[in-house]
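First, the structure itself, so that you have it in front of you.
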Number of protein chains: 2
Amino acid sequence: MATPEPAPDHDPVAYQRLPALRPRPGKERGTVMRDVAKLAGVSHQTVSRVINEHPNVRAETRERVLAAMRSLNYRRNLAARTLATRESHTLGIIGFETTLFGPESMLYGIESAARAAGYLVSVATVRELTHRTVLEAVDRLAQHDVDGIIAIAPKPAVTTALTHAPGGLICVAVGGSGAGSDPFPRVRVDNDTGARLVTRHLLDLGHATVHHVAGPPDWPEAQSRVDGWRETLYEAGAVVPAVSAGWWDAAAGYEQGRRLAADPDVTAIFCANDRIALGVLRALHEAGRRVPDEVSVAGFDDMPDSGYFLPPLTTVHQDFAEMGRRALALLLRHMGRADGETPPEDVVVAPRLITRASSAPPPGSRRSRQ
Amino acid sequence: MATPEPAPDHDPVAYQRLPALRPRPGKERGTVMRDVAKLAGVSHQTVSRVINEHPNVRAETRERVLAAMRSLNYRRNLAARTLATRESHTLGIIGFETTLFGPESMLYGIESAARAAGYLVSVATVRELTHRTVLEAVDRLAQHDVDGIIAIAPKPAVTTALTHAPGGLICVAVGGSGAGSDPFPRVRVDNDTGARLVTRHLLDLGHATVHHVAGPPDWPEAQSRVDGWRETLYEAGAVVPAVSAGWWDAAAGYEQGRRLAADPDVTAIFCANDRIALGVLRALHEAGRRVPDEVSVAGFDDMPDSGYFLPPLTTVHQDFAEMGRRALALLLRHMGRADGETPPEDVVVAPRLITRASSAPPPGSRRSRQ
DNA sequence: TGGCCATTTGTGAACGGTAACAGTTTCGGG
DNA sequence: CCCGAAACTGTTACCGTTCACAAATGGCCA
């Protein structure tokens with residue numbers, strides 16, 4: 001009965017002698033490389049070569065290993081790989097914990113691009129954008145061995161904090177307005193040009209000048225929009241009205257809008273974003289000033305539903321998801337090189353004017369009478 | 001010449017014999033436990049005890065170790081810890097890659113609560129909610145050793161896919177409407193009650209009946225709102241009009257709204273969310289039907305700016321950030337127990353009616369004349 | 001047939017922590 | 001003063017992968 005040779009698993013190596021892998025309480029062990037190697041009759045190193053697509057593996061061997069992997073439903077342990085290679089295949093995103101439209105949609109753009117490139121995305125948000133909070137976020141991500149960081153960085157506090165990131169951690173900023181002195185690359189929209197497009201559009205319609213409801217003064221993006229608006233007016237020889245500013249929401253727009261609505265000379269208002277524009281529209285409506293017949297209104301962002309405002313909003317489109325994708329591409333490119341190889345070039349995304357019913361010639365103009 | 005005993009540094013242990021730690025190309029080694037141990041004159045295990053706050057360490061020793069850690073700016077390597085303990089201190093979130101208001105704000109709630117609990121959050125999004133895509137997302141998170149998963153799960157495809165998650169991975173669903181047969185806990189808003197609140201509100205104002213513009217038919221949340229609406233009408237003895245449905249955006253609302261605007265019998269419209277309501281408002285406006293004088297409109301969600309619609313929108317508030325926090329708390333509670341210990345209880349969040357200017361008594365009613 | 005090089009495979013030692021156990025103090029009490 | 005328990009600390013062996021190097025295999029040509 002007993003075969004002459006007990007055939008104790010004809011394995012080439014003595015894996016049997018290894019002590020039984022101790023199972024942790026609560027978690028059963030999954031199959032590991034050794035299990036696959038044993039089943040395929042090869043060494044663990046060969047299995048490693050197969051999953052890493054190393055060229056020097058005989059086709060027949062590779063097949064046997066792959067079959068073993070399939071039959072055992074093997075998944076490689078990324079923690080072990082991270083430990084050995086110092087690459088986690090995880091990217092960090094530093095976000096701003098507020099429901100602003102832009103940052104959110106960027107996340108999806110980044111994540112899907114990261115997934116395609118074989119990376120997982122971890123998120124660290126900060127409640128307020130200060131040097132300290134951003135540093136804590138960087139630290140948290142660094143501890144988890146992220147290979148790179150994309151910081152949604154609308155304010156300078158973020159970028160200055162990033163310069164203190166641990167060495168070797170590649171960072172890319174997205175959003176904001178490049179001060180030109182960043183130590184790392186940035187993807188941003190050309191806010192200045194966007195503001196010029198709208199302002200020019202309103203002037204071309206025949207308005208004597210354009211009023212502006214700005215975003216928070218300490219946000220460079222808001223400042224760039226102010227600059228683009230102001231310079232366009234200046235170049236056109238138009239009066240430059242005083243700027244009123246507030247937060248990025250409809251409440252701020254409403255508040256400033258009430259003031260503007262009371263001034264009969266106001267015929268065109270450029271708002272720093274669509275939410276502000278919504279508040280302005282409401283203020284004008286309450287004051288009985290019709291849009292666009294008496295006053296034209298324009299926004300910035302092109303939020304998904306701004307085409308359904310009353311009236312549909314003229315605005316400047318920025319493709320946040322695309323910016324996310326570009327930021328990821330930029331990050332990967334810089335990660336591929338040795339540190340400091342490539343200069344911190346910026347990617348500037350062009351905005352696009354979307355004209356809708358909220359902008360029209362001013363009352364009494366020739367064109368409006370036709 | 002050769003001294004009999006080379007007196008190799010009077011260190012208690014023979015760390016000198018260990019080969020120099022090889023630096024990886026491109027990445028310099030950080031300080032590790034051994035460095036701290038050496039500086040503090042203790043073993044690496046004692047350092048480990050200190051960072052893990054093990055009680056049995058002499059106060060004086062602990063201080064020495066802490067001082068060494070500070071002076072070397074030591075950070076522990078989480079990959080190594082994960083490998084040893086099988087706990088990554090990372091949680092996974094499965095999200096839906098679309099700019100829907102709810103899911104986004106939940107993310108922030110989850111992340112900040114996770115941070116407080118010492119966890120990092122990794123995100124896997126899916127472009128469409130199918131069994132396969134969700135499984136891929138789970139797999140990706142599982143490979144990265146997440147300790148638990150929160151799935152933003154508005155459709156059943158998500159939950160059925162989750163049942164195939166690898167053993168030992170604790171899952172919690174958030175959103176959707178519990179079918180009652182889920183194998184794991186869920187945090188959700190009581191959509192049925194929310195719909196009843198609005199419908200009842202409109203009926204109480206004197207409307208003969210309430211029309212409904214629904215969300216996608218295959219979304220249980222949309223269905224629950226339909227049910228709550230329908231039953232309230234039924235109980236009140238009101239006519240139950242046909243339901244029109246579409247996507248969750250303003251375009252859908254506009255399309256359905258045009259149809260409803262053409263029907264002079266329509267005096268009250270309950271929309272499945274605020275964005276749909278925005279589209280309906282526009283359609284009514286274009287048709288010359290005044291809100292709320294001729295037609296009342298209500299929404300669902302209480303988006304940040306819905307108080308600035310024209311007119312300000314009556315709606316049902318749901319606190320997404322709070323739901324995110326609750327989901328996290330639920331997940332942590334289940335992770336603390338052995339699997340299957342606690343029954344998959346659900347957390348149901350109560351919605352709140354927010355009455356604003358878009359709802360009023362129907363034209364010709366006694367109350368509206370006063 | 002033998003030798004040399006290229007290809008393929010195996011061995012042992014990292015990677016940086018934690019777990020288990022063993023050894024060394026310290027201290028109170030008989 | 002000695003003994004045992006409790007408190008503290010050190011030693012060794014893992015966790016599951018990759019890397020560096022060594023060994024075996026095979027092909028080709030002299």
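Numbers restart at 1 for each chain; the letters A, B, ... are given by sequence-line order, proteins then strands. Everything numeric here is computed off the predicted structure, so don't read it as measured data.
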**Message:** B:Ser122 vs A:Ser122, test: side-chain hydrogen bond (donor to acceptor under 3.5 Å, both in side chains). Steps then yes/no.
**Reply:** CA-CA 4 Å; B:Ser122 290; A:Ser122 289; 2.7 Å; yes
**Message:** Can you measure A:Leu83 atom CG to C:dA14 atom P for me and round it to whole angstrom units?
**Reply:**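 In whole Å, C:dA14 P and A:Leu83 CG are 13 Å from each other.
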**Request:** Report the distance from atom CE of A:Met33 to atom P of D:dC19, rounded to the nearest whole Å.
**Result:**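 In whole Å, D:dC19 P and A:Met33 CE are 10 Å from each other.
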**Message:** If the cut-off is 4.0 Å, is B:Ser48 near the phosphate of C:dG17, judged by side-chain N/O to OP1 or OP2?
**Reply:**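 Result: no.
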**Message:** I need the CZ-P distance between A:Arg86 and C:dC15, as an integer number of Å.
**Reply:**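 Distance, rounded to whole Å: 8 Å.
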What's touching nucleotides 5-9 of chain D from the protein side, N or O pairs under 3.5 Å?
residue, atom, partner, partner atom, Å
D:dT9, OP1, B:Arg58, NE, 3.4
D:dT9, OP1, B:Arg58, NH2, 3.3
D:dT9, OP1, B:Thr61, OG1, 2.4
D:dT9, OP2, B:Arg58, N, 3.0
D:dT9, O4, B:Arg49, NH2, 3.4

**Request:** In whole angstrom, give the distance that lies between atom NE2 of B:His44 and atom C1' of D:dG10.
**Result:**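 Those two atoms, NE2 and C1', are 8 Å apart.
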**Item:** Spacing of A:Arg75 atom CZ relative to D:dC15 atom P, expressed in whole Å
**Value:**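 So the two atoms are 21 Å apart, to the nearest Å.
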**Prompt:** What do you reckon, is CD of A:Glu53 surrounded by more than 12 foreign heavy atoms closer than 6.0 Å?
**Reply:**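 No, the 6.0 Å shell around CD holds no more than 12 heavy atoms from other groups.
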**side-chain contact (heavy atoms from CB on, under 4.5 Å) between A:Arg49 and A:Asn56, worked out** = CA-CA 8 Å; A:Arg49 290 197 181 96; A:Asn56 288 349; 5.9 Å; no
**Under 3.5 Å: donor-acceptor pair, side chain of A:Asn52, backbone of A:Ser48** =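 Side chain of A:Asn52 to backbone of A:Ser48: a pair is present.
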**Message:** If I take atom CG in residue A:Asp35 and atom P in nucleotide D:dC15, what distance separates them, rounded to the nearest angstrom?
**Reply:**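 Rounded to the whole Å, the gap is 11 Å.
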**Message:** What's the closest nucleotide to the side chain of B:Thr85 if the choices are C:dG16, C:dT18, D:dG16?
**Reply:**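 The answer is C:dT18, which lies nearest to the side chain.
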**Prompt:** Is there a side-chain hydrogen bond (donor to acceptor under 3.5 Å, both in side chains) between B:Asn77 and A:Arg86 once you walk through the steps?
**Reply:** CA-CA 10 Å; B:Asn77 181 316; A:Arg86 300 172 158 285; over 6 Å; no
**Item:** Any B:Arg34 side-chain nitrogen or oxygen under 4.0 Å from OP1 or OP2 of C:dC15
**Value:**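 Yes, such a contact exists.
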**Request:** Show your working on salt bridge (charged side-chain N to carboxylate O under 4.0 Å, His left out) between A:Arg132 and A:Glu136 and close with a plain yes or no.
**Result:** CA-CA 6 Å; A:Arg132 196 179 54 77; A:Glu136 283 170 4; 2.6 Å; yes
**Request:** Would you name the heavy atoms of A:Cys171 and A:Leu162 that are closest together and state the gap between them?
**Result:**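 What the structure gives for the nearest pair is SG-CD2, 4.1 Å.
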**Message:** Rounded to whole Å, how long is the line connecting atom CD of B:Gln45 with atom P of D:dT11?
**Reply:**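 Atom CD in B:Gln45 sits about 11 Å away from atom P in D:dT11.
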**Request:** For B:Glu87 and C:dG17, give me the distance from atom CD to atom C1', rounded to whole Å.
**Result:**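 The answer, rounded to whole Å, is 14 Å.
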